Protein chains: 2
Amino acid sequence: MILDTAVALFLTAGFAATSIDEVARRSEASKSTVYAYFGDKAGLFSAAVERLHDAIAESIDGEATLAELATSVVMTLHSDEAVGLHRTVIAESLRFPELARSFYASGPSRSTQMLLAALRRADPAITAVHAEMLYTLLLGESHRRRLLGLSGAPSVREAAQHARDALHALGHR
Amino acid sequence: MILDTAVALFLTAGFAATSIDEVARRSEASKSTVYAYFGDKAGLFSAAVERLHDAIAESIDGEATLAELATSVVMTLHSDEAVGLHRTVIAESLRFPELARSFYASGPSRSTQMLLAALRRADPAITAVHAEMLYTLLLGESHRRRLLGLSGAPSVREAAQHARDALHALGHR
DNA sequence: GCTTAATGATACGACGCAGTACTATTAAGA
DNA sequence: TCTTAATAGTACTGCGTCGTATCATTAAGC
């Protein structure tokens with residue numbers, strides 16, 4: 001419960017503007033318990049971010065077909081949770097470089113590798129650079145607009161269409 | 001001088017963790033003057049962000065050839081200033097939605113329109129969606145890694161190669 | 001039933017912040 | 001020279017913060 005509250009506050013207010021007193025109050029825990037579990041504010045932040053990241057990452061199935069995997073990446077990464085996580089890790093990347101590193105490794109890097117594996121089932125000559133481009137296109141400007149709070153999450157239908165467009169643009173049909 | 005100092009502090013420490021006292025001290029101005037010019041902290045933040053944005057935006061020349069324009073976009077948007085601005089606007093987009101809107105309009109939107117115009121000089125049938133994809137690819141994962149502080153700015157040579165790769169991937173040669 | 005560990009509740013200290021108020025100083029223009 | 005506007009220099013007021021300390025309360029395991 002502490003972590004859930006911390007996730008909600010850190011993602012909406014940012015690291016500096018979130019107070020531990022409020023986390024304790026909203027999670028109906030005492031300040032003592034928060035400090036007992038997480039040591040300090042940075043520890044609580046790291047734990048909250050990792051928790052959210054793990055929840056999101058495990059919802060992508062690398063065994064699916066290419067089209068399914070692509071749609072799943074679009075849907076998952078455009079969700080409120082993933083967008084908030086992405087925004088927060090970028091915002092605090094200078095203060096928490098290690099968090100940024102692990103985020104990229106088990107987020108974008110991992111997704112790109114899954115895409116590469118799926119692509120190679122159809123064409124073994126596909127390169128890693130190509131898979132990275134596909135990943136970039138699957139996010140695209142709609143994801144940047146999401147990061148900036150300028151639009152909402154796409155529907156399943158829109159996500160599937162977006163995935164098709166990205167695959168098509170790179171020559172896959 | 002006040003604005004230069006504010007830009008430097010907001011971009012490295014974020015909005016909440018930057019104090020007006022420190023801006024005044026580092027810019028060798030008095031707190032009275034800062035408040036006289038910018039009203040409050042939010043006003044100073046907005047003015048600082050707009051100033052930086054304008055300086056970056058005017059360094060892209062829409063009249064250049066497609067290859068030149070593409071390289072220029074890659075170079076400009078991977079600079080320390082542009083990456084810091086991008087990161088900051090994302091970080092504070094929930095607190096400053098109007099800033100996020102104007103950033104996107106005169107940043108990514110404007111660049112995409114320039115790319116569209118350049119693309120259409122060669123092929124009038126090119127769509128806006130296509131130009132948007134090109135913009136996304138010109139940033140690519142290397143730009144995400146920049147936002148996360150995971151890599152440095154590319155050289156001119158690398159930027160030009162990156163631009164070529166993006167154009168090639170979308171079928172332009 | 002008793003010991004032990006975990007949690008709650010709360011107060012505190014030291015500090016920093018945003019924004020205001022007030023006076024002193026500078027400089028410029030008529 | 002005199003007036004006026006801009007700036008400097010501070011001091012002050014609430015307020016909130018992190019992290020620690022203290023004591024009460026609960027619960028669990030043996």
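Numbers restart at 1 for each chain; the letters A, B, ... are given by sequence-line order, proteins then strands. Small disclaimer: the values here were computed from a predicted structure and weren't measured.
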I need the full list of side chain to side chain donor-acceptor pair (under 3.5 Å) pairs touching [range], with sequence neighbours left out, sorted by first then second residue.
| range | answer |
| --- | --- |
| residues 10-23 of chain A | A/Asp21-A/Lys31, A/Glu22-A/Arg26 |
| residues 34-52 of chain B | B/Asp4-B/Arg51 |
| residues 117-129 of chain B | none |
| residues 105-116 of chain A | A/His53-A/Ser106 |

Could you run down the sub-3.5 Å N/O contacts of the protein with nucleotides 14-18 of chain D?
residue	atom	partner	partner atom	Å
D/dT17	OP1	A/Ser19	OG	3.4
D/dC18	OP1	A/Thr18	O	3.3
D/dC18	OP1	A/Ile20	N	3.2
D/dC18	OP1	A/Lys41	NZ	3.3
D/dC18	OP2	A/Ile20	N	3.0

Heavy-atom contacts under 4.0 Å between residues 42-50 of chain B and DNA chain C, which residues?
none
Base, sugar-phosphate or nothing for A/Ala29? Non-hydrogen atoms, less than 4.0 Å.
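If one applies the 4.0 Å heavy-atom cut-off, A/Ala29 turns out to touch the sugar-phosphate alone, with no base involved.
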Is there any protein nitrogen or oxygen under 3.5 Å from a nitrogen or oxygen in nucleotides 23-27 of chain D, and what are the pairs?
none

Once you round it to whole Å, what is the distance between P of C/dA5 and OH of A/Tyr37?
15 Å
Can you name the residues that form a side chain to side chain contact (heavy atoms under 4.5 Å, CB included) with [X], not counting sequence neighbours?
| X | result |
| --- | --- |
| A/Ser79 | A/Glu81, A/Ala82 |
| B/Asp165 | A/Met133, B/Gln161 |
| B/Ala91 | A/Ala91 |

Check: A/Glu68 main-chain N/O paired with A/Ser72 side-chain donor or acceptor under 3.5 Å
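Absent.
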Suppose we screen for salt bridge (Lys or Arg N to Asp or Glu O under 4.0 Å). Which residues come up paired with A/Arg95, at least two apart in sequence or across chains?
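If we apply the salt bridge (Lys or Arg N to Asp or Glu O under 4.0 Å) test to A/Arg95, skipping adjacent residues, the hits are A/Glu92.
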Starting from A/Val156, walk the hydrophobic network (Ile, Leu, Val, Met, Phe, Trp, Tyr; side-chain heavy atoms closer than 4.5 Å) and list everyone else you reach, by chain and number.
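A/Met75, listed by chain and number.
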Are A/Thr33 and C/dT7 close enough that a side-chain N or O sits under 4.0 Å from OP1 or OP2?
no
